[in-house]
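In what follows, chains are A, B, ... by sequence order, proteins preceding strands, each numbered from 1.
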Number of protein chains: 2
Amino acid sequence: MLGLMQDWPLLIHRVIDHAGMYHGARKVISRSIEGPIVETDYAALRRRALKVAKRLEKDGIGLGDRVGTVAWNTWRHLEAWYGITGLGAVYHTLNPRLFPEQIAWIANHAEDRMMMVDLTFVPLMEKLQEHLPLVERYVVLTDGAHMPQTGLKNAIAYEDWIGEVDEDFAWKSFDENTAAGMCYTSGTTGNPKGVVYSHRSNILHSLMANGPDMFGLSAKDTILPVVPMFHANGWSLAFTAPMAGATIVMPGAKMDGPSIAELLTTYRVTHSAAVPTVWLMLLQELEARGTLLPDLRQVVIGGSACPRAVTQKFRDVYGAEVMHAWGMTEMSPLGTVCSLKPEVAGLEGEAWLDIKETVGHPPFGVEMKITDDAGTELPRDGKAFGRLLVRGPCISGAYFKGEGGQILNAEGFFDTGDVATIDPNGYLRIVDRSKDVIKSGGEWISSIDLENLAVGHPDVAEAAVIGVAHPKWDERPLLIVVPKAGRTPTRESLMVFMEGKIAKWWMPDDVVVVGEIPHTATGKIQKMALREQFRDYRLPTA
Amino acid sequence: MLGLMQDWPLLIHRVIDHAGMYHGARKVISRSIEGPIVETDYAALRRRALKVAKRLEKDGIGLGDRVGTVAWNTWRHLEAWYGITGLGAVYHTLNPRLFPEQIAWIANHAEDRMMMVDLTFVPLMEKLQEHLPLVERYVVLTDGAHMPQTGLKNAIAYEDWIGEVDEDFAWKSFDENTAAGMCYTSGTTGNPKGVVYSHRSNILHSLMANGPDMFGLSAKDTILPVVPMFHANGWSLAFTAPMAGATIVMPGAKMDGPSIAELLTTYRVTHSAAVPTVWLMLLQELEARGTLLPDLRQVVIGGSACPRAVTQKFRDVYGAEVMHAWGMTEMSPLGTVCSLKPEVAGLEGEAWLDIKETVGHPPFGVEMKITDDAGTELPRDGKAFGRLLVRGPCISGAYFKGEGGQILNAEGFFDTGDVATIDPNGYLRIVDRSKDVIKSGGEWISSIDLENLAVGHPDVAEAAVIGVAHPKWDERPLLIVVPKAGRTPTRESLMVFMEGKIAKWWMPDDVVVVGEIPHTATGKIQKMALREQFRDYRLPTA
C-alpha cells in the first residue's frame, strides 16, 4: 500500500522559486571581481538564472551535460548554478588552487562542455585550453566593459551572453535522482575522484543541514560564506541560504582580514563559515582596528581545528559562537556540527573547550559508527578509536565512472578514511587519517596528536609523523621536523618536551630534522611521499 | 545522468533510531491515563517500539495493514506509531470526538485490523465493536494492573502484549512511498475522506516544518503538544520532536488549564502547540494563580484565530511569541507559520498585531497561489481574495479508495476549499471557506468576517452568515444569530452596529434570530444544514 501524497520531485529550481516568491526582496550582496560591491536580490537572481538556463539551451547544453565553473563566490556564480541545474545540466566546480595539470585532468575526466570563468582565472584557462579539447565555449563572468582580450575559444562576456535572451523559460522536469553537481576530491594519493550530487541529495542536505542545531539559518539572518563554492559543494550554502530566505554576502576574490571585516560590519553579518586561517587573519584585523562585531552570532569552522584561544576569544570578546563542523566532499558535505546538547550545555572553562574542540554530532540523515580493521563496531565511549564509517542519502555511493570501484561495505556504509572517537553523547573527534595512523603491536597511535604536540616545541616550524617498519611492533612512529629559522631542534630536546604529555608507548622512536616537508597543491602534508622517502629508514629501536 | 549518492529511503524508523542514538537520554514525559506522570527517554522508547513491531508481526500484522488508534498523547501512543510504521503497517488515528457511527464508518472504510485503545475509550469501543467486524484484536494501552473487565475481542493490556517479546527485531525495509499513516478529514459535507501519509511525506514534512522560521525545535527545547495525535497527523510533532532531539511532554487526557499549567511550569516547557481555546483556559488559570512562564518562548496556534488581546498578553506578560499556523489534514498538516520576516520584524502596535493575525508564510516545500473561479491567478497584494490552491510533496494527491475522484487540477494543485489573500511578503490570510463565501454580483463577501463582526454585538451569543438566492445579485448575505441568555437582538440594532464597519455592499440583506445553530461533532457550524433550512428564504431586497 502506497501513500497518496503528491508526486513533487525534489528539484533544485524549487529552491530559487521559493526564495524568489517568498523572500524576493532579500539581498544577495557580492564583492565583484571587477571591484565594486554589487547588490541584487533573490527575485532578480531567479530571473537571471532563468536566462542562464535559456541561454545554455541555445548553446546546445542539455540534460546531463557538465558545465565547469572556475570562479569565486559571487552572485553570478550563484545564479549560474541555478541556471545550469534548472536545465538539468550539471555544475562542475573546479578548484583553481590545484596544479594546472590536475585541473585539466579533472575537466577532461568530467567531460566539461563549457567553462564559466572569473576574470581572475582567464590567464590560467588560456594556458590550459589546449589541453581541454572538449570545452566548446568559455563564458567569462563579467560584462562587456570589463571583457579582456582573450584567445579563449568562443569567449564571451557573461552579461552579453545572457543579454541575448529573456527570462521566459520553464524549468525542466526530470527525476529527482538526476545529477545536479560535481566536485572532485583532491586526494593525497591517486587521481582525483568525481563526486556526483543529485537534485535530491542537494535538497535533502539543505533541509537536514539547516536544522536549528546545525547551520540554523532563518530569514532574519545574514550569512557570509567565506568557504568557496568550489570547495566541497560550497558547504551547500548556495542552496541553504535561499531555501531559508537568509541574506547572503559573497566575498568574491578577497578573503583577507580587512576585506572580510569590512563585509561583516557593513552588512551586519550574523553567520559565517570558513576555514580557521581566515578567522586568524580576521582576529588580527579586528584587534588592530579595535572593531567589535555586535551582529555576528555564529561562526562555523571546518577543514581543520580552530585554536582553543580563538574559540574562547570569539565568545568572550565578540559574543559569537565558534562551531566546528566536519564533513567531506563525498558527504555534500556536512557530517557533524558542534552545537551544544543539553547534556553539555552547562559546561564551562576547560570542559567547555574540550567539547568545543570536537567536531560535534550529526543531523538526522547522517548515520555514523567506528569500527576496528575487522569491521567490528567499537564502543561510543569517547576513548576507543577506529575507522569512521558513514551512511545517508547525501553521501557518495560511487565515484564518477566507477573510479575506486565498490566504495560501500556490505551494509552500505562509506569508509571516510578518518579514524575517530565518538563519545556517549554522540560527539565526534577526528583522531587521524586511517592511512596515517601508526599501527604498533595491534594498537593505534594518532600521527596528528603527535604532530600537534611537536609543533608546540619552540624550535619547530612544522612536524610530520609517519609509521616506519619495526621488526617487533610492525610499525613505530618517526617524527620529522622542520626547524624554525635560526633554530636547531634536537632529538633529545624534543623527546624531553614530549615526555609525560602522551602515553609512553606513543613516544616517537626517533626524530629527524629536515629542511622541508612535501605538500599537496592545497597545502596538505604529502605523507605518502614522506613514507616513500623514509621507506628504508632504520629505527634505533629496531 | 544520475547522481551517485547512496540509496537511503526516507523511512520513519530512521527518526527514532537517530533519536535513540544521538538524543537517547532526552526525556519523554507523559501524564498517563492511569494518573501518574511517567518519564522515559528516546532510547527506551525506541526499544519498546521495536517490541511493538515484533509483537504486531506475531499477531499477523504486516506491510500495509491498518492499525487503528483511539488514544490521547502519551508515550505509549508515540511508541505505537513507531512500532507500527517500523513494520511497514499503517497507523490510523481515530478522533474519539466524532459521533460513534462516524468512527465505525471510518474504521471500516480504512479496514483497520487491530485497535489500540486508551482506557478512556474502552466503553466507547465496547459499544462500537459489533459494528467493526474487521477488527481482530483490541489492545488496551495500559498495564495488567489497570486492565478493566471487558468484552472487547481478544482484549489484552498493552504492557502484557509487548511483554511477550523482546526487542531483538530488525526494522523492515521498503519503498519510501509506502503508506505510513492515515487520518480522515471530518468534512462538514459527505462522508469522511481518508488521507494517506507516506514514509517519505512524513520525513520531508518534519524536515521542512522544523526550519528555524517554522517550528524551529532544537535539542535544547521542550515541546508540549497539546494538539492530539489524532488531529491532523498530530501536527507531525511525533516525528519532528524526536528528529530534533527535543524533550517532549505529553498531556495525556487532561487538557484543562490547571493540568497544562502544571506541565508547563514543572517541565520548563519552551514550545507548545494547540488550538486557541486551550490558551484561553490557560491564561485564566495563570492569571488566577499569578504564575509566570519564564521558559516558554513559542506558542503555535492553529485551528482558528487567537484573539489579539491574547497574542499581546502572551508577549507582554509572559514573554512568549504566539504564532498562528495554518494547515490541513491533507497537508501533513503544515501550510504556513506566522514568523516575522525582516520586512515586518520591526512593526509595533496595531501593525504588529495585523501581521500576527495572519497565518504566516509557507516553508520550502509548500507552494501556494490564489485564483478566481476561472482558475486565473490573482495578485499577491493582500487585498484580492480567491481560492487557495497548494502543491507539495506532503500534500494529498488523492483520497483513500479514490473517494472524491481526481482532486488535483491540471497543474497538480490541490484546492484547499479556503478563500484567502496573500500579501506581497507572502503572508496568508484565510478569508472564508469557498463553499461559504457569498458570491454577490461577481464579487465575493466573506461570511466569516461578517460573523466575527456580528458576535461583537452585546446581545449576540453566536452568528452564522449564509448566501441566499437573490434575483439580481445571484446571492446576498443573510445573518442568523443566537441571542445571549435574556437578550433580544433585533435586525435594526444589528444593522446599526455593523454599519460603517464594513463596505456598504457587504451589509447583510436581512437578520434572523434563532434559538440554536446546528454544529458538527467537532463543533463546526453546519452551514450546509443552515443553507438547506433557509433554501426558500425570501430576502426583503429580492
Side-chain angles (χ1 to χ4, degrees), chain A residues 1-8 10 14-15 18 21-23 25-26 63-64 90 175 177-180 195-201 204 207-208 210-213 216-220 243-245 332 339 341-343 345 361-362 364 391-400 408 412 414 426, chain B residues 1-8 10 14-15 18 21-23 25-26 63-64 90 175 177-180 195-201 204 207-208 210-213 216-220 243-245 332 339 341-343 345 361-362 364 391-400 408 412 414 426:
Chain A
M1 178 174 170
L2 294 182
L4 295 172
M5 296 286 116
Q6 295 180 16
D7 179 27
W8 194 90
L10 305 176
R14 302 190 191 280
V15 175
H18 176 77
M21 179 70 83
Y22 294 103
H23 306 283
R26 221 60 46 68
L63 189 72
V90 182
D175 188 282
N177 290 302
T178 300
V195 173
V196 188
Y197 309 109
S198 66
H199 284 255
R200 172 183 166 100
S201 70
L204 285 177
L207 287 167
M208 292 167 174
N210 203 40
D213 288 316
L217 291 179
S218 96
K220 290 197 279 289
M243 187 182 275
S332 296
S339 60
K341 300 184 187 183
E343 290 81 0
H361 54 95
F364 172 78
R391 195 165 65 173
C394 314
I395 299 173
S396 290
Y399 292 110
F400 190 48
L408 304 185
F414 171 78
Chain B
M1 179 174 168
L2 295 182
L4 295 172
M5 295 286 116
Q6 294 180 18
D7 180 27
W8 194 90
L10 305 176
R14 301 190 191 279
V15 174
H18 176 78
M21 179 71 82
Y22 294 103
H23 305 284
R26 220 62 44 68
L63 190 70
V90 182
D175 187 284
N177 291 300
T178 300
V195 172
V196 188
Y197 309 109
S198 66
H199 284 255
R200 172 183 167 100
S201 70
L204 285 177
L207 286 167
M208 292 167 174
N210 204 40
D213 288 315
L217 291 178
S218 95
K220 289 195 280 290
M243 189 184 273
S332 296
S339 60
K341 300 183 187 184
E343 290 81 2
H361 54 96
F364 172 79
R391 195 165 66 174
C394 314
I395 300 173
S396 290
Y399 291 110
F400 190 49
L408 304 185
F414 171 79

>> What part of Ile395(B) gets within 4.5 angstrom of chain A, counting heavy atoms only: side chain, backbone, both, or neither?
In response: both
> Taking the side chain from Lys341(B) and the backbone from Arg26(A), do they hold a donor-acceptor pair closer than 3.5 Å?
Replying inline: no
> Between Val90(B), Val15(B), Asp175(B), Val195(B), which residue shows the highest count of heavy-atom pairs closer than 4.5 Å to chain A?
Replying inline: Val15(B)
> Can you tell which of His361(A), Met243(A), Met208(A) has the highest number of heavy-atom pairs within less than 4.5 Å of chain B?
Replying inline: Met243(A)
>> So for Ala244(A), is it side chain, backbone, both, or neither that comes closer than 4.5 Å to the heavy atoms of chain B?
In response: backbone
> Can you name the nearest heavy-atom pair linking Asp213(B) to Ala219(A), along with the distance?
Replying inline: OD2-N, 2.6 Å
> Which bit of Arg391(A) comes within less than 4.5 Å of chain B, counting heavy atoms only: side chain, backbone, both or neither?
Replying inline: both
>> Rounded at 0.5 Å granularity, tell me how far CG in Leu4(A) sits from CZ in Phe400(B).
In response: 8.0 Å
>> Please give me the minimum heavy-atom distance between Pro362(A) and His18(B), naming the atom from each residue.
In response: O-CE1, 3.4 Å
>> Heavy-atom cut-off 4.5 Å, strictly under: side chain, backbone, both or neither for Ser332(A) against chain B?
In response: side chain
>> Testing the basics here: between Trp8(A) and Gly392(B), what is the closest heavy-atom pair and its distance to 0.1 Å?
In response: CD1-CA, 3.5 Å
> Do you know the tightest heavy-atom contact between Met5(A) and Pro393(B)?
Replying inline: CB-O, 3.6 Å
> Do Ser198(A) and Leu2(B) have side chains that get closer than 4.5 Å, going by heavy atoms?
Replying inline: no
>> Nearest 0.5 Å, please: how far is CG in Asn177(A) from CE in Met1(B)?
In response: 13.0 Å
>> For Glu343(A) versus Ala25(B), what's the shortest heavy-atom pair and its separation?
In response: OE2-CB, 3.9 Å
>> Quick check for you: among Leu217(B), Leu63(B), Asp7(B), which has the greatest number of heavy-atom pairs under 4.5 Å with chain A?
In response: Leu217(B)
